[in-house]
Visitor: 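One structure is given below, represented as structure tokens, and several questions about it will come after.
Letters go in sequence order (proteins before strands), and every chain restarts at 1. Every heavy atom of this structure was used, including side-chain atoms; hydrogens, water molecules and symmetry mates were not. Small disclaimer: the values here were computed from a predicted structure and weren't measured.
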2 protein chains.
Amino acid sequence: MEKRATIKDVAEAAGVGVATVSRVLSGGSASPQTRERVLAVAAQLDYRPSALGRNLRQRRTGGMGLLVPDLTDTFHAQLAEGVLACARSAGEPVVLGSTAGDPEQESELIGMLLEQSVDRLIAVPSGDEESWAPALRAGMTVVFADRLPAVPSADDDDPAVRAVNDLMLLDGAAPAPARPRSLDVPSVTADDRSGIRTAVRYLRGLGHRRIAFIGGPGHDRRAAAFREAVGEPVDEELIVFGTGSRDSAYAAASGLFQSRPDLSAVVAGGNVLGEAAVLAARELDLRVPRDVSLIMYDDVPWAELCSPPLTVVAQPGRDMGYRAAELVLRSGGRRPRSVVLPTQLIVRGSCGPRH
Amino acid sequence: MEKRATIKDVAEAAGVGVATVSRVLSGGSASPQTRERVLAVAAQLDYRPSALGRNLRQRRTGGMGLLVPDLTDTFHAQLAEGVLACARSAGEPVVLGSTAGDPEQESELIGMLLEQSVDRLIAVPSGDEESWAPALRAGMTVVFADRLPAVPSADDDDPAVRAVNDLMLLDGAAPAPARPRSLDVPSVTADDRSGIRTAVRYLRGLGHRRIAFIGGPGHDRRAAAFREAVGEPVDEELIVFGTGSRDSAYAAASGLFQSRPDLSAVVAGGNVLGEAAVLAARELDLRVPRDVSLIMYDDVPWAELCSPPLTVVAQPGRDMGYRAAELVLRSGGRRPRSVVLPTQLIVRGSCGPRH
DNA sequence: TTGAAAGCGCTAACAA
DNA sequence: TTGTTAGCGCTTTCAA
């Protein structure tokens with residue numbers, strides 16, 4: 001392991017000052033001859049500028065952090081691949097953390113990133129707005145992906161706030177703008193409202209009236225869209241949530257099927273929940289789509305493997321990651337606008353007419 | 001965004017020298033009173049040591065790099081989760097890169113890590129031994145996970161080398177030691193030999209004689225184990241490879257089924273290949289397990305969702321990642337030994353007697 | 001266009 | 001036990 005050449009080595013070998021080397025290598029002004037000589041020497045010495053020195057000098061680490069709840073959720077893996085693709089093309093490192101959907105772990109990871117002076121972050125958030133305040137106050141450039149932090153429960157119980165949110169979800173037909181946020185953070189999300197609405201309408205068209213929704217952490221916007229799509233009166237018993245683990249998703253699905261045998265269709269808010277729904281249905285001898293129709297949010301490779309293949313609402317996970325990375329990188333100066341990407345209903349075989 | 005306190009601020013506020021602060025915070029010796037005072041001031045100032053300064057000083061970035069071919073391959077995601085879990089408990093950052101199975105991208109990412117002075121790396125390698133030499137020469141502590149770099153093709157064609165490798169695979173019944181390597185790098189792998197052997201024996205027991213193997217990049221040890229398990233004469237036409245993409249895996253599977261309608265069982269070398277096999281079988285109207293029995297390497301959540309649920313050779317992806325991270329972190333001084341973890345045949349419903 | 005020099009925040013060698 | 005000091009490799013004024 002020979003020692004790597006430093007800028008000083010290059011400067012000496014080229015007979016110039018270190019400042020000149022630095023300039024040449026970062027595209028500053030220099031006479032053609034000097035530039036050439038420096039470049040030649042640098043190449044000859046196999047010089048690679050150390051990010052360490054640069055980082056300390058600029059008091060910031062390049063690249064970006066990426067926080068997701070769980071990589072074995074294929075949607076998050078797709079998202080991560082998108083982020084990585086963008087980062088790679090920019091030559092920037094990505095520091096990854098998995099939060100398990102736990103706000104506390106999320107906070108710890110943010111602390112770690114702060115310690116590393118990573119000041120750009122893409123996150124599929126688990127904590128609420130309150131828990132994100134510190135990161136923002138510390139000056140991080142944050143972009144949320146896939147979902148937004150929940151409004152703290154104190155406000156959540158506030159009827160006025162709920163009313164505002166509901167209102168936002170009711171008006172207009174244009175792609176839903178991100179709901180009003182106290183946090184001024186750009187985000188990249190799918191158009192959940194339209195995705196859910198399309199799914200519900202499709203099921204309606206097949207004759208389904210008792211449609212259930214199984215959600216996980218962070219699926220509250222989808223749940224709200226579901227409430228809106230089914231319209232009043234909303235049967236709240238048909239809306240259930242898991243806590244994020246596969247076990248709890250299964251429990252939620254299984255409990256739902258057992259307590260409400262009258263339901264004829266289910267919308268799963270994410271692929272882990274769809275998985276759970278398929279499993280629970282089979283365990284209870286419910287045939288898909290004969291006994292129950294199923295639409296899953298997220299298109300994942302295995303959706304096609306199921307028998308029957310699953311009808312899904314596809315969201316462009318990879319694109320979302322890529323766009324988020326672009327946002328967080330090109331955040332020079334003016335605040336980037338949030339982006340909402342379209343979803344697509346892919347009809348396969350898991351939905352049928354109501355019997 | 002207020003400026004963060006530095007060690008100097010703490011030193012001044014506590015009325016001590018910066019060295020003392022550094023010592024106290026890294027567990028060095030100090031008088032109880034001094035320690036207490038420093039700690040108090042640090043807490044009061046919300047001081048967090050900057051990794052930037054420390055890194056530059058020690059000429060190395062903490063944490064570790066992690067290179068995988070593709071996160072949407074659920075096995076890699078599991079592995080990554082294991083690495084992240086270990087890193088988190090150690091408070092260390094993980095810099096992630098996805099190589100798409102391309103040695104060139106892999107090399108570029110290694111270059112990026114070198115630039116960041118990340119000198120510990122866990123990799124599911126894509127390049128061959130030759131392409132890994134630079135990283136090692138640069139002084140990186142590397143641990144390979146899941147598989148080892150291929151022997152460069154020049155040597156691969158060398159009959160002597162092949163003979164040695166074959167020999168290694170033939171003798172003994174103990175968990176296969178990692179094959180002899182020119183690269184002296186520890187690794188964490190599953191006991192592929194025993195896993196494949198168990199799968200093949202199981203199929204044999206069901207009466208299958210024409211058993212095929214579908215592999216992907218990095219599955220050559222599994223293929224070799226397969227050859228060993230089926231024994232002479234090996235029908236090489238029954239051993240096919242994809243290049244890593246889902247499309248090519250599908251093409252390989254589909255081609256195999258069409259060119260050899262006489263086969264009655266298939267072992268897929270990884271979950272992406274298993275996916276492809278299920279898809280191709282269905283497309284060709286082959287019923288599983290009636291027309292063809294299927295065993296897939298990797299246990300992934302969706303294996304249970306298939307109809308019938310897939311019989312798999314499970315390897316402990318998460319554990320493998322965790323162990324790899326331990327190895328690369330505790331690589332203080334003496335070289336850590338490689339570890340081989342056991343696999344487990346999980347019988348579900350995708351295998352049946354030969355008809 | 002160029003070079004000298006001043007740090008960025010930290011640790012470790014050395015002195016006291 | 002403590003403080004002083006010399007850098008780690010780089011960028012960026014500031015002069016020349």
Side-chain angles (χ1 to χ4, degrees), chain A residues 1-39 41-42 45-63 93 113-119 138-139, chain B residues 1-39 41-42 45-63 93 113-119 138-139:
Chain A
M1 142 166 91
E2 67 257 41
K3 240 177 62 201
R4 262 171 58 189
T6 74
I7 197 174
K8 213 172 146 196
D9 299 326
V10 177
E12 276 172 14
V16 298
V18 291
T20 302
V21 177
S22 175
R23 265 184 233 112
V24 168
L25 264 43
S26 47
S29 63
S31 79
Q33 325 140 21
T34 311
R35 149 166 277 106
E36 201 179 339
R37 189 148 35 93
V38 169
L39 254 24
V41 171
L45 258 48
D46 192 31
Y47 169 67
R48 316 210 34 163
S50 157
L52 256 33
R54 185 185 323 127
N55 290 347
L56 177 54
R57 171 65 219 227
Q58 342 208 94
R59 290 127 126 237
R60 58 187 300 279
T61 295
L113 291 172
L114 249 22
E115 195 164 318
Q116 304 290 327
S117 299
V118 172
D119 61 356
Chain B
M1 145 166 85
E2 66 259 42
K3 239 178 61 201
R4 261 171 59 189
T6 75
I7 197 174
K8 216 172 145 196
D9 299 326
V10 177
E12 276 173 14
V16 299
V18 291
T20 301
V21 177
S22 176
R23 266 184 230 111
V24 168
L25 263 45
S26 48
S29 60
S31 79
Q33 326 141 21
T34 311
R35 149 166 277 106
E36 201 179 339
R37 188 146 38 94
V38 169
L39 255 24
V41 171
L45 259 49
D46 192 31
Y47 169 68
R48 316 213 30 165
S50 157
L52 257 32
R54 184 183 330 126
N55 290 347
L56 177 54
R57 171 65 221 230
Q58 346 211 88
R59 289 125 133 247
R60 59 188 300 281
T61 296
L113 291 172
L114 248 24
E115 196 163 318
Q116 305 290 327
S117 298
V118 172
D119 62 355

Visitor: In whole angstrom, what separates A:Arg54's CZ from C:dG7's C1'?
Guide: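 Distance check: A:Arg54 CZ to C:dG7 C1' gives 17 Å.
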Visitor: What nucleic acid atoms does A:Ser31 come within less than 4.0 Å of, heavy atoms only: base, sugar-phosphate, or nothing?
Guide: sugar-phosphate
Visitor: Would you find a donor on one side and an acceptor on the other, under 3.5 Å apart, between the side chain of B:Arg4 and the backbone of B:Asp46?
Guide: no
Visitor: Indicate, with a heavy-atom threshold strictly under 4.0 Å, whether B:Gly15 touches base, sugar-phosphate, or nothing.
Guide: sugar-phosphate
Visitor: When we call it a touch if two heavy atoms are under 4.0 Å apart, what does A:Leu52 touch: a base, just sugar-phosphate, or nothing?
Guide: nothing
Visitor: Can you tell me how far C1' of C:dG7 sits from CZ of B:Arg57, to the nearest Å?
Guide: 16 Å
Visitor: Roughly how far apart are B:Leu114 CG and B:Asp119 CG, rounded to 0.5 Å?
Guide: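 The CG atom of B:Asp119 is 9.0 Å from CG of B:Leu114, to the nearest 0.5 Å.
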Visitor: Scan B:Ser26 against the nucleic acid and name what it touches under 4.0 Å (heavy atoms): base, sugar-phosphate only, or nothing.
Guide: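 Counting heavy atoms under 4.0 Å across all strands, no contact is made by B:Ser26.
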Visitor: Indicate, with a heavy-atom threshold strictly under 4.0 Å, whether A:Gly17 touches base, sugar-phosphate, or nothing.
Guide: sugar-phosphate
Visitor: Using whole Å, report how far CZ of A:Arg60 lies from C1' of C:dG9.
Guide: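 Rounded to the whole Å, the gap is 17 Å.
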Visitor: Grab the CG-C1' distance between B:Leu56 and C:dA12 for me, whole Å please.
Guide: 14 Å
Visitor: Does B:Arg35 use its side chain to pair, donor to acceptor, with the backbone of B:Gly28 at less than 3.5 Å?
Guide: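 Pair found, side chain donor or acceptor close to backbone of B:Gly28.
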Visitor: What about B:Arg23: does its side chain form a donor-acceptor pair under 3.5 Å with the base of D:dG3?
Guide: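 It does, because a donor-acceptor pair links the side chain of B:Arg23 to the base of D:dG3 below 3.5 Å.
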Visitor: Using atom CD of B:Gln58 as one end and atom C1' of D:dC8 as the other, report the distance to the nearest whole Å.
Guide: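 Whole-Å distance recorded here is 10 Å.
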Visitor: Rounding to a whole Å, what distance do you find between A:Arg48:CZ and D:dC10:C1'?
Guide: 16 Å
Visitor: Quick one: does any side-chain atom of B:Arg48 pair with a main-chain N or O of A:Glu115 as donor and acceptor, under 3.5 Å?
Guide: no
Visitor: Under 4.0 angstrom, heavy atoms only, what part of the nucleic acid is B:Ala30 near: base, sugar-phosphate, or nothing?
Guide: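 Touches sugar-phosphate only.
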Visitor: Measure the distance from CG on B:Asn55 to C1' on D:dC10 and round it to the nearest whole Å.
Guide: 14 Å
Visitor: Would you mind telling me which residue lines up with the more 5' stretch of DNA chain D, B:Arg59 or B:Val18, judged by nearest nucleotide?
Guide: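 The residue closer to the strand's 5' end, by nearest nucleotide, is B:Val18.
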Visitor: Counting N and O atoms only, with roles assigned by atom type, does the side chain of B:Ser22 sit under 3.5 Å from a partner on the main chain of B:Val18, one being a donor and the other an acceptor?
Guide: no
